[in-house]
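For reference, the structure discussed in these notes is given below.
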Amino acid sequence: MKIAAVILAAGYGTRMQSELPKVMHPLVGRPMIEWAVRAAETVSNQPPVVVVGHGKELVQQHLGARASYAEQRELLGTGHAVLQAASLLRDNAGAVLVTYADMPLLTEATLSRFVELYRREQGDNLALAMLTVTRTDPQGFGRIVRDEDGKIVAIVEEADCTPEQRKIRELNPGIYCFDATWLWENLPNVPLSAKGEYYLTDLVAMAAAQGRRIVATEAPFEEVYGINNRIHLADATAVLRRRILERHMLAGVTIIDPATTYIEDTVVVGRDTTIWPGTMLHGETTIGRHCQIGPYSRIHSSHIGDGCRVLYSVLEEARLDRAAEIGPFGRLRKGAHLGEGVHMGNFGEVKDSYLGPGTKMGHFSYIGNAYVEGGVNIGAGTVTCNYDGVKKSKTVIGKNAFIGSDTMLVAPVSIGEGATTGAGAVVTHDVPPGAMVYGVPARPVTRAVADEE
Ligand code: UD1
Ligand code: CA
């Protein structure tokens with residue numbers, strides 16, 4: 001039997017008080033909607049139908065072809081939202097799984113178990129399967145009403161509850177699997193609520209009144225956490241953050257202080273790497289094995305090879321080859337690439353540049369738009385003057401060159417292999433291989449000067 005997934009994501013998310021649609025708020029590196037899509041992908045082998053409305057452009061832009069879309073032009077409630085998917089799914093699947101996009105903590109395991117339950121119970125007059133949850137904090141969830149025999153007879157929204165019903169602690173997480181034929185037949189008949197919305201939850205009372213079977217099973221309470229405001233967002237982030245850290249720890253990463261470590265879901269970390277406190281790893285970052293990362297470092301969408309060390313540093317779209325090291329207090333900006341074994345010490349900044357294997361840059365230098373070959377020594381305070389106020393120009397430094405302290409390399413300029421610049425040189429012309437230049441502006445050391453020494 002084919003199962004189609006429908007994810008409701010059209011709502012305003014008013015309680016978020018945000019310009020960003022609720023379902024696009026990020027949680028540990030992925031927008032809320034993506035957590036719902038990933039869960040749905042594990043139980044259905046066709047792309048989920050995402051019902052979009054408010055902020056639909058952003059949602060579609062993010063998910064692209066991973067989903068198909070049904071637009072809800074007027075936001076008339078969750079029942080009306082599912083109805084928008086009818087034309088896409090009517091003859092397309094035997095069962096329809098419906099979830100809400102604001103439940104990012106639901107695990108694949110729980111959803112799979114739930115769909116298994118549906119598969120076991122299907123036919124035999126079954127209208128739907130649903131999850132329930134029992135917990136003391138109702139979070140505004142609909143209440144599950146059962147009859148004397150314990151059969152589910154209705155879901156009542158909090159706003160519509162009698163004082164007695166309000167006390168019910170068995171709640172509706174909003175995860176359902178419907179028999180498709182029954183769903184499409186009955187959904188158009190959902191009545192308009194007092195609030196002026198068509199509640200999907202009213203289908204439960206309709207099924208019960210028709211004598212159709214409803215099966216339910218408990219969800220782990222920590223997984224069915226709805227996000228309606230930013231307090232919920234922070235709570236859910238904390239749970240996801242911990243799950244990610246545990247995944248890495250079980251896979252062989254030492255995390256000295258999980259409380260101060262933030263690793264986004266998109267990040268890959270190799271075995272036997274140690275993450276020190278106060279470290280944040282973002283985006284498409286990959287970190288190799290046997291690295292020492294942190295303390296107090298922020299790495300965004302960068303690739304770190306095996307055996308590297310990053311100490312009190314900030315990296316963005318950078319790359320470190322094997323055994324390279326940076327810090328304390330280094331900064332790598334977009335396009336910085338430190339080759340194997342490069343040592344970059346305190347207060348350095350590198351942007352859009354390659355530093356070849358074994359190059360050393362110990363103290364407060366700026367290297368931008370440069371190509372530096374291997375074995376170069378970059379003296380303290382060296383600056384590539386790469387910007388003349390209009391355009392950026394390139395600096396090239398040959399193998400084993402020695403750049404004296406406080407050298408200004410006025411680009412475009414190239415320093416030949418094995419060349420030397422004196423301390424304080426302002427280099428405005430290319431330096432041939434093996435030559436030595438000094439002074440302001442820098443000129444070659446002549447025989448006479450060399451003789452004096
Ligand atoms: C809903 C349930 C409630 C359940 C709770 C669990 C209904 C009527 N109520 O309430 O029983 O306990 O979720 O979290 O279903 N949406 C649309 N179009 C709409 C309205 C909503 O796509 O017209 C989407 C929203 O984007 C959201 C989801 O449906 O992703 C749920 O909407 P929300 O307003 O958060 O419902 P709750 O009040 O939380
Ligand atoms: Ca909600």
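Both counts, for ligands and for their atoms, begin at 1 and track the order of listing. FYI, the numbering just counts along the sequence from 1.
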Consider ligand 1: state whether an atom of it lies below 4.0 angstrom from any non-hydrogen atom of [X].
X	answer
Asn228	yes
Lys22	yes
Ala101	yes
Ala81	yes
His80	no
Glu74	no

[atom] [closest protein heavy-atom partner, distance rounded to 0.1 Å]:
atom	answer
atom 7 (C) of ligand 1	Thr78 OG1, 3.4 Å
atom 1 (C) of ligand 1	Tyr100 CE1, 3.5 Å
atom 14 (O) of ligand 1	Met103 CE, 3.1 Å
atom 38 (O) of ligand 1	Arg15 NH2, 3.9 Å
atom 24 (C) of ligand 1	Leu8 CB, 3.7 Å
atom 4 (C) of ligand 1	Asn172 O, 3.2 Å
atom 16 (N) of ligand 1	Gly11 N, 3.8 Å
atom 11 (O) of ligand 1	Glu157 OE2, 2.7 Å

Measure the shortest side-chain to side-chain distance between [X] and [Y] over non-hydrogen atoms and say whether it is less than 4.5 angstrom.
X	Y	answer
Gln165	Asp160	no
His282	Ser301	no
Ile367	Tyr354	no
Arg333	Asp352	no
Trp184	Val96	yes
Thr285	Thr266	no
Arg66	Arg38	yes
Leu203	Phe178	yes

Next item on the list: Give a yes-or-no answer on whether the side chains of Tyr69 and Glu71 include a donor-acceptor pair shorter than 3.5 Å.
Entry: no
Note to self: Within a 6.0 Å radius of atom CZ on Arg230, are there more than 12 heavy atoms belonging to other residues, nucleotides or ligands?
What the structure shows: yes
Margin query: Before you tell me yes or no, could you show the steps for Asp179 and Arg213 under salt bridge (charged side-chain N to carboxylate O under 4.0 Å, His left out), namely the whole-Å CA-CA distance, both residues' side-chain angles and the distance that decides it to 0.1 Å?
Written below: CA-CA 11 Å; Asp179 174 87; Arg213 225 151 47 85; over 6 Å; no
Near [X], which atoms of ligand 1 are under 4.0 Å from a heavy atom of that residue?
X	value
Pro173	6 (C), 14 (O)
Gln72	17 (C), 18 (N), 19 (C), 22 (O), 23 (O)
Gly142	3 (C), 4 (C), 11 (O), 12 (O)
Leu75	23 (O)
Ala10	17 (C), 18 (N), 22 (O), 26 (O)

Checklist line | Close N or O approach (Gly77, ligand 1; < 3.5 Å) | finding: yes
Notebook entry, point to check: Under 4.0 Å from atom 18 (N) of ligand 1, is there any protein heavy atom?
Noted result: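 Given the 4.0 Å limit, the answer for atom 18 (N) of ligand 1 is yes, a protein heavy atom qualifies.
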Notebook entry, point to check: Distance below 4.0 Å between atom 36 (O) of ligand 1 and any protein heavy atom?
Noted result: no
Check: Hey, what's the ring geometry for Tyr312 with Tyr296, parallel, tilted or perpendicular (30° and 60° as the breaks)?
Finding: parallel
Notebook entry, point to check: In the protein, how many N/O/S atoms are under 3.0 Å from the Ca ion (ligand 2)?
Noted result: 2
Residue pair [X] / [Y]: nearest heavy atoms and the distance that separates them:
X	Y	value
Ala127	Arg212	CB-CB, 3.7 Å
Ala180	Ala93	CB-O, 3.2 Å
Gly339	Ala324	O-CB, 3.7 Å
Leu131	Pro173	O-CD, 3.0 Å
Glu157	Thr201	OE2-OG1, 3.2 Å

